[in-house]
Amino acid sequence: VEEVARQAVCSRATVAEMSCLPQHVIGTTTWLSILHRHEHLLTFDVLLGRYIEHQNGDKTTVYGTGDYDGDVSVAVARSYIMRSGPHYVEFL
């Protein structure tokens with residue numbers, strides 16, 4: 001199972017994503033857990049600010065709803081801990 005998960009991760013992940021993975025998968029970090037995280041996007045369960053909403057009720061995407069007037073909006077994924085390495089977001 002671990003070998004199949006490793007192959008799936010290696011075939012789907014970008015070079016940048018692969019560079020963020022631990023050098024040696026040990027302990028509770030397994031290829032299966034990495035595959036699970038790769039297949040399940042972050043859920044932004046807390047939105048702070050006036051001009052931010054989930055897009056079509058999908059908690060994995062948020063968007064700005066109005067003109068920026070100096071206020072700051074934040075999307076928080078409480079169930080995910082970003083431990084190290086670069087993290088990316090795509091603004092469309």
Side-chain angles (χ1 to χ4, degrees):
V1 172
E2 276 296 293
E3 179 58 22
V4 172
R6 186 193 67 76
Q7 290 175 9
V9 170
C10 292
S11 69
R12 296 177 189 172
T14 65
V15 172
E17 290 169 331
M18 289 299 290
S19 70
C20 296
L21 295 177
Q23 292 297 325
H24 303 284
V25 180
I26 57 172
T28 59
T29 304
T30 63
W31 285 110
L32 194 56
S33 68
I34 292 168
L35 178 61
H36 178 75
R37 260 187 271 142
H38 191 72
E39 290 180 336
H40 297 87
L41 300 174
L42 289 177
T43 300
F44 298 103
D45 50 348
V46 176
L47 302 180
L48 304 169
R50 290 192 296 174
Y51 301 114
I52 189 169
E53 291 181 1
H54 292 112
Q55 188 169 17
N56 299 322
D58 179 3
K59 290 191 173 192
T60 63
T61 57
V62 295
Y63 71 102
T65 60
D67 292 332
Y68 174 75
D69 63 358
D71 286 346
V72 175
S73 296
V74 177
V76 179
R78 291 186 300 179
S79 63
Y80 192 81
I81 300 170
M82 296 180 188
R83 292 192 171 103
S84 66
H87 300 87
Y88 301 93
V89 63
E90 181 179 355
F91 295 98
L92 303 174

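Heavy-atom basis, side chains included; hydrogens, waters and symmetry copies ignored.
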Results of side chain to side chain contact (heavy atoms under 4.5 Å, CB included) for A5 - residues two or more places apart only: W31, L32, L35

Minimal non-hydrogen separation, H54 against K59, with atom names: CD2-CA, 3.4 Å

For D45, side chain to side chain contact (heavy atoms under 4.5 Å, CB included) partners two or more places apart: R78

Where R50 and S73 come nearest, the two heavy atoms and their spacing: N-OG, 4.0 Å

Distance in Å, Y63 OH paired with N56 CG, rounded so as to fall on 0.5 Å steps: 7.5 Å

Closest approach of F44 to T60 (non-hydrogen atoms, all atoms of both residues): CE1-O, 3.7 Å

Non-neighbouring partners of T14 that pass side chain to side chain contact (heavy atoms under 4.5 Å, CB included), sequence neighbours left out: A16, E17

Within one Ile-Leu-Val-Met-Phe-Trp-Tyr cluster: V76 and V72, side-chain cutoff 4.5 Å: yes

